[in-house]
Amino acid sequence: EPEVTQTPSHQVTQMGQEVILRCVPISNHLYFYWYRQILGQKVEFLVSFYNNEISEKSEIFDDQFSVERPDGSNFTLKIRSTKLEDSAMYFCASSEAGLAGAYQETQYFGPGTRLLVL
Amino acid sequence: LAKTTQPISMDSYEGQEVNITCSHNNIATNDYITWYQQFPSQGPRFIIQGYKTKVTNEVASLFIPADRKSSTLSLPRVSLSDTAVYYCLVFNPGGYNKLIFGAGTRLAVHP
């Protein structure tokens, strides 16, 4: 069964450093997402991406965050200058093209990258 | 987006059927209901989705009454490996809808 993959599985960084989290969505999917989950808290939506541009972003996704699809397979989340409060599990998800007005295409989540900012 | 309410936690024993009910009183006409499962340190995993009446797949059943103000996820004959957090979500259909997760229901299955 196809799956979303993420690298690295764990990342430790110093406050103020830049990090790039990488994701390989399922190959025929066109919609991509990033979510995060702070330890013991809810899964929170960060951003959705379609057709090489951001579709929607949350309040969390400020100017320190950016996303990119640099090639036909990778989808990346960059945090420009990490803060302590960025420590969390970051999940990438993808879904096939949606049929507008029909039903929600299932979002498939990757295993996550655990980011620890010291 | 309609707010969902579900129990914080539930306990069960191996082999029992587990029913987790979610209320979504403000569900809109076009909203669908979906359930996800999450194991510790893993990404959420889709379980089942429905609009009304009953939906069944190889993992679970979803019961949605006529007024659609609640839904019940039914897990038949649970095992220890079903210990996880279960999320009920309501959404509008479309191409790139975000999923809004609540706190979920933490199900513990005991031997």
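As the structure is a prediction and not an experimental result, all values here were calculated from the model. Residue numbers begin at 1 in each chain, while the letters A, B, ... track the order of the sequences. Just the heavy atoms: all of them, side chains too, but no hydrogens, waters or symmetry mates, feed the values below.
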>> Between A/Phe65 and A/Leu77, does the side-chain contact (heavy atoms from CB on, under 4.5 Å) criterion hold? Intermediate values first, please.
In response: CA-CA 7 Å; A/Phe65 291 87; A/Leu77 174 69; 4.0 Å; yes
>> Quick check on B/Thr34 against chain A: is it the side chain, the backbone, both or neither that has a heavy atom closer than 4.5 Å?
In response: neither
> Checking B/Tyr87 against chain A: side chain, backbone, both or neither under 4.5 Å from a heavy atom?
Replying inline: side chain
> Parallel, tilted or perpendicular: which fits the ring planes of A/Phe109 and A/Tyr35, with parallel below 30° and perpendicular above 60°?
Replying inline: tilted
> Which bit of A/Phe32 comes within less than 4.5 Å of chain B, counting heavy atoms only: side chain, backbone, both or neither?
Replying inline: neither
> Side chains of B/Gln16 and B/Ser12: do they bring a donor and an acceptor to under 3.5 Å?
Replying inline: yes
> Is A/Val19 reachable from A/Ile60 through a run of hydrophobic residues whose side-chain heavy atoms are each under 4.5 Å from the next?
Replying inline: yes
> Given a strict heavy-atom distance threshold of 4.5 Å, which part of A/Gln41 is in contact with chain B: side chain, backbone, both, or neither?
Replying inline: neither
